[in-house]
Amino acid sequence: MEHRIADTLKILTEADKEACEIVRVSENEPVSSKKRLFIESYGCQMNFSDSEIVASVMREAGYATTSDADNADVLFLNTCSIRDNAERKVRKRLTELNMIKKRKPGTLIGILGCMAERLKAKLLDEEKMVDIVTGPDAYRDLPRLIEEAETGQKGVNVFLSKEETYADISPIRLNSNGITAFISIMRGCDNMCSFCVVPFTRGRERSRDPYSILKEAEELFRDGYKEVTLLGQNVDSYKWTGQPGIIAVSEELNVNSPTQVHVNFAGLLEMVALVSPELRVRFSTSHPKDITDEVLYTIKKHDNICKYIHLPAQSGNSRVLEIMNRTYNRDWYLDRIDSIRRILGDDCGISHDMITGFCTETEEEHQDSVSLLEYVKFDFGYMFAYSERPGTLAAKKFTDDIPADIKQRRLAEIIEVQQRISMERNQRLIGTIQKILVEGTSKRSEDDFIGRNDQNKKVIFPRENFKKGDYVNVMITDCTTATLRGYAVEKTPALANSHQPVS
C-alpha cells in the first residue's frame with residue numbers, strides 16, 4: 001500500500017503544479033534602449049493574466065520584459081496564496097533574487113498579487129526581502145511605486161478597489177503561443193468559502209464592461225489568435241448594467257430601455273462566440289451555485305463554445321460543504337451535473353477541484369467524495385489535502401484536526417479513483433475523430449504537434465505539414481490518463497467541435 005500511495009502522490013505533484021504552482025517567466029523583448037523588467041508568475045490563470053496587465057503598464061513607463069533575472073532592473077514576483085507550497089516556493093525565490101540584488105545594488109524587487117496584501121509587513125519590515133509591495137488592484141500605480149523605491153523608500157499599495165477592472169489596458173501577451181489567450185472578464189470574489197483566502201486578497205466582485213471584453217476578443221482574432229478563455233473567480237456570476245455600447249448587442253440580451261442594457265454571463269458568452277465561428281471560446285471557473293441552464297443552452301447553441309466545464313466540487317458530503325460555506329449541498333451539485341449531461345450530452349468534458357481532510361471530515365464523509373467521483377465520471381480533477389490558510393474563516397472558526405497521514409491517504413484514494421475514471425473517459429475516444437486546434441510543438445518530440453480537443457483534452461499527433469493555429473481532424477488511436485494520441489486524417493478550415501465516431 002505504501003508503494004501505491006507514493007506512486008499516486010507523484011500524480012498529485014503534477015496536478016498540483018498544473019493547478020496552482022506553475023511558474024511562468026516573462027520573455028525577452030528585442031529592444032536595447034529600455035530598462036528591463038523580469039516578471040515571474042505563480043498560481044492560477046488569473047495571475048498569469050494579471051502579469052500581462054503589469055507588463056502593459058510597465059511598457060508605458062519605459063520598460064521592456066526580459067527572461068533573464070540577472071539582466072533586469074526590476075524583478076517582480078506575481079504570487080499565489082491559495083496553497084502553502086506556493087508561498088514557500090515564493091519565499092525561496094525571494095532569497096535567490098536578493099542574491100542578485102547584492103551583486104547589482106540598484107536592482108529593485110517587488111512582490112505582486114495575493115501574497116502582497118497578506119504578508120506585506122513581514123516581507124517589507126521584518127524580513128526586508130522586497131522594495132515594492134503591490135496588490136492585485138494597484139498595478140496602475142507601479143511606476144510611481146518604483147520611483148519611490150528608487151529613492152530608498154518602500155513602495156506600497158495594497159488597496160483593494162470596488163471598481164478596478166483594467167478594462168482600458170491592452171495586455172501584453174507573455175509566454176504566448178500566438179494561438180490561445182486569456183481575457184479577464186471580472187475581478188474579485190463575493191463567495192466567502194471558509195477555506196479560501198481569495199476574497200481577502202482580491203477584494204469584492206466586479207464585472208468588466210462587455211464592450212471592452214468584446215473589443216479585446218475581436219482584436220485577438222484579428223491578430224491570429226484562435227481561442228480565448230474568459231477568466232473570473234466565478235464567471236457565472238458575471239453581471240453588468242449600463243448604456244448600450246457602439247458594438248451591436250445580441251437580440252437575446254435583456255435590453256430594458258434604449259439607454260439601459262443588462263448582460264449576464266450567458267449573454268456575454270454569446271457575444272464573444274459571435275465574433276467568429278473560427279474563434280474557440282472557453283471559460284473558467286464556474287461555481288455550482290450559479291451555473292444556469294441558460295448558460296448550458298448557450299454553450300449548446302454555438303459550436304465554437306467548447307463543451308467543457310470546470311465545476312469545483314471541493315467535497316461530496318453536504319455537511320462538509322456547509323462548513324466550507326460553499327452554499328450548495330451534494331444534491332444541488334448532482335442536479336447541475338445532471339443538467340450538463342442532459343443538455344450537453346455525455347461527451348461534455350467536466351473537471352473538478354476536491355479537498356480531502358477538511359476540518360472534522362469523517363471517513364464516511366470522505367467516502368461521499370469518492371462516490372461523487374464515481375457518479376459524475378469527471379474527465380480530470382485537481383485534488384489537494386486541506387492546507388489551512390491564515391486569515392480564512394476556517395482558520396478562525398475550526399481546528400485543523402485531521403492528521404497529515406490520514407489526509408494523504410484519503411488524497412491518494414481519490415487520486416487513484418480519478419486516474420481510473422480519467423483513463424476510462426479517454427479510452428471512450430479511441431477510434432473517434434477529434435477536431436484539434438494546433439497550439440504548438442510537443443515537448444517530447446519536435447516531430448509531433450500538440451493541441452486540445454473541444455473537451456480540453458491534450459492530443460499529440462505527427463506534425464506533417466500542419467502549422468500552429470490549424471484545425472486538424474485527428475483519429476485517436478491511443479491514450480494515457482492525461483493525453484490522447486493519434487494521426488491526422490484531414491485538415492479542415494471549418495470549426496466543428498463534436499467528435500465523429502468511425503464506422
- [ ] Please say whether more than 12 non-hydrogen atoms of neighbouring residues, nucleotides or ligands are located less than 6.0 Å from CD in Glu446.
- [x] no
Open item on the list: If only side-chain N and O atoms count, and only distance matters, is there a donor-acceptor pair under 3.5 Å linking Lys289 with Asn191?
Closed with: yes
TODO: Compare every heavy atom of Phe38 with every heavy atom of Ala72, then report the nearest pair and how far apart it is.
DONE: CB-CB, 3.7 Å
- [ ] Flag the pair Glu365 / Ser315 as yes when at least one side-chain heavy-atom distance between them is below 4.5 Å, and no otherwise.
- [x] no
Open item on the list: Measuring only between side-chain heavy atoms, which start at C-beta, is Glu413 closer than 4.5 Å to Met383?
Closed with: no
- [ ] Look only at the side chain of Tyr63 and the backbone of Pro143, and say whether a donor-acceptor pair between them is shorter than 3.5 Å.
- [x] no
Task: Residue from Ile169, Leu142, Thr134 passing side chain to side chain contact (heavy atoms under 4.5 Å, CB included) with Val54 - done: Leu142
Task: Non-hydrogen side-chain atoms of Ile213 and Leu268 separated by less than 4.5 Å - done: yes
Task: Donor on one side chain, acceptor on other, Ser194 and Asn325, under 3.5 Å - done: no
Open item on the list: Does either side chain, that of Asn98 or that of Thr95, offer a donor lying less than 3.5 Å from an acceptor on the other one?
Closed with: no
Task: Nearest atoms (heavy-atom pairs only) where Ile179 meets Gly224 - done: CD1-O, 4.3 Å
Task: Test item: side-chain donor near acceptor, Thr481 and Ser422, under 3.5 Å - done: no
Open item on the list: If I compare all heavy atoms of Glu163 with all of Ser161, which pair ends up nearest, and what's the gap?
Closed with: N-OG, 2.9 Å
Open item on the list: Can you tell me how far apart NZ (Lys458) and OG1 (Thr480) are? Round to the nearest 0.5 Å.
Closed with: 10.0 Å
Task: Interatomic spacing from CD1 in Ile415 to CD in Gln408 - rounded to 0.5 Å - done: 8.5 Å
Open item on the list: How long is the straight-line distance from CG of Asp73 back to CD1 of Ile146, given to the nearest 0.5 Å?
Closed with: 9.5 Å
Task: No-hydrogen, no-angle side-chain donor-acceptor test under 3.5 Å, Gln418 and His352 - done: yes
Open item on the list: Check this for me, if you would: do Glu40 and Arg93 make a salt bridge, where the nitrogen-to-carboxylate-oxygen distance has to be below 4.0 angstrom?
Closed with: yes
Open item on the list: Looking at every non-hydrogen atom in both residues, tell me the closest pair between Val235 and Leu230 and how far apart they are.
Closed with: CG1-O, 3.8 Å
Open item on the list: Check Arg452 with Glu439, please: is the shortest side-chain N to carboxylate O separation under 4.0 Å?
Closed with: yes
Task: Short side-chain donor-acceptor distance under 3.5 Å, Thr285 and His310 - done: no
- [ ] Check the surroundings of atom NZ in Lys397: do more than 12 heavy atoms from other residues, nucleotides or ligands lie under 6.0 Å from it?
- [x] no
Task: Residue that, paired with Ile183, satisfies side chain to side chain contact (heavy atoms under 4.5 Å, CB included) out of Val281, Leu214, Leu220 - done: Leu220
Task: Close side-chain approach of Arg326 to Pro312, heavy-atom, < 4.5 Å - done: yes
Open item on the list: Do the side chains of Arg103 and Asp70 get close enough for a salt bridge, i.e. N-O under 4.0 angstrom?
Closed with: yes
Open item on the list: Below 30° counts as parallel, above 60° as perpendicular, anything between as tilted: where do the rings of Tyr139 and Tyr166 land?
Closed with: parallel
Open item on the list: Are Arg187 and Arg202 packed together at the side-chain level, in the sense that at least one heavy-atom pair is separated by less than 4.5 angstrom?
Closed with: yes
Open item on the list: Can you give me the closest heavy-atom contact between Thr65 and Arg36, atom names plus distance?
Closed with: O-NH1, 2.7 Å
Task: Sub-4.5 Å side-chain heavy-atom contact between Tyr386 and Thr356 - done: no
Open item on the list: Checking Lys35 against Glu150 for the salt bridge (Lys or Arg N to Asp or Glu O under 4.0 Å) test, could you report, in this order, the C-alpha distance in whole Å, the side-chain angles of both residues, the deciding distance, and whether it holds?
Closed with: CA-CA 13 Å; Lys35 291 183 178 180; Glu150 287 174 338; 3.5 Å; yes
Open item on the list: Do the side chains of Arg140 and Asp168 get close enough for a salt bridge, i.e. N-O under 4.0 angstrom?
Closed with: yes
- [ ] Could you tell me whether Arg208 and Glu216 make a salt bridge, using a distance below 4.0 angstrom between a side-chain N and a carboxylate O?
- [x] yes
Open item on the list: Taking atom CZ as the centre, does Arg144 end up with more than 12 heavy-atom neighbours from other residues, nucleotides or ligands that are less than 6.0 angstrom away?
Closed with: yes
Open item on the list: Assess whether a salt bridge exists between Lys101 and Asp131, defined as any Lys/Arg side-chain N lying under 4.0 Å from an Asp/Glu carboxylate O.
Closed with: yes
Open item on the list: Over 60° means perpendicular and under 30° means parallel, so tell me whether Phe380 and Tyr308 are parallel, tilted or perpendicular.
Closed with: parallel
Task: Met58 and Ile39, any side-chain heavy atoms less than 4.5 Å apart - done: no
Open item on the list: With rounding to the nearest 0.5 angstrom, report the CD to NZ distance, Glu219 to Lys215.
Closed with: 3.5 Å
TODO: Considering only NZ, NE, NH1 and NH2 on the basic side and carboxylate oxygens on the acidic side, decide whether Lys407 and Glu361 come within less than 4.0 Å.
DONE: no
TODO: Measure across Leu145 and Val133 and return the closest heavy-atom pair with its distance rounded to 0.1 Å.
DONE: CD1-O, 4.5 Å
- [ ] Carefully, step by step, assess Asp236 and Ser286 under the rule side-chain hydrogen bond (donor to acceptor under 3.5 Å, both in side chains).
- [x] CA-CA 6 Å; Asp236 299 290; Ser286 294; 2.9 Å; yes
Open item on the list: Between Gln153 and Thr151, is there a side-chain donor-acceptor contact under 3.5 Å, judged purely by atom types and distance?
Closed with: yes
Task: Near-ring test Tyr211/Trp240, centroid separation under 6.0 angstrom - done: yes
TODO: Before accepting this row, confirm whether a basic side-chain N of the pair Lys239/Asp290 lies closer than 4.0 Å to the acidic partner's carboxylate O.
DONE: no
TODO: Using a strict cut-off of less than 4.0 Å between a Lys/Arg side-chain nitrogen and an Asp/Glu carboxylate oxygen, indicate whether Asp447 and Arg463 qualify as a salt bridge.
DONE: no
Task: Side-chain ion pair, Arg206 and Glu164, N-O less than 4.0 Å - done: no
Open item on the list: Using 0.5 Å steps for rounding, measure from the CG atom of Leu437 to the CZ atom of Phe449.
Closed with: 11.0 Å
Open item on the list: Is the distance from the ring center of His287 to that of Tyr328 below 6.0 Å?
Closed with: yes
Open item on the list: We want to know whether Asn177 and Lys468 form a side-chain donor-acceptor pair, criterion being a heavy-atom distance below 3.5 angstrom.
Closed with: no
Task: Asp448 and Arg485 ion-paired at < 4.0 Å - done: yes
Task: Spacing of CD1 belonging to Ile172 relative to OG belonging to Ser56, to within rounding of 0.5 Å - done: 5.0 Å
Open item on the list: Within the 3.5 Å criterion, strictly below it, is a donor on Asn78 or Ser51 matched to an acceptor on the partner's side chain?
Closed with: yes
TODO: Taking the side chain as every heavy atom from C-beta outward, state whether Ile109 and Met129 have any pair of such atoms under 4.5 Å apart.
DONE: no
Task: Cationic tip of Lys92 above Tyr42 ring, under 6.0 Å, 45° of axis - done: no
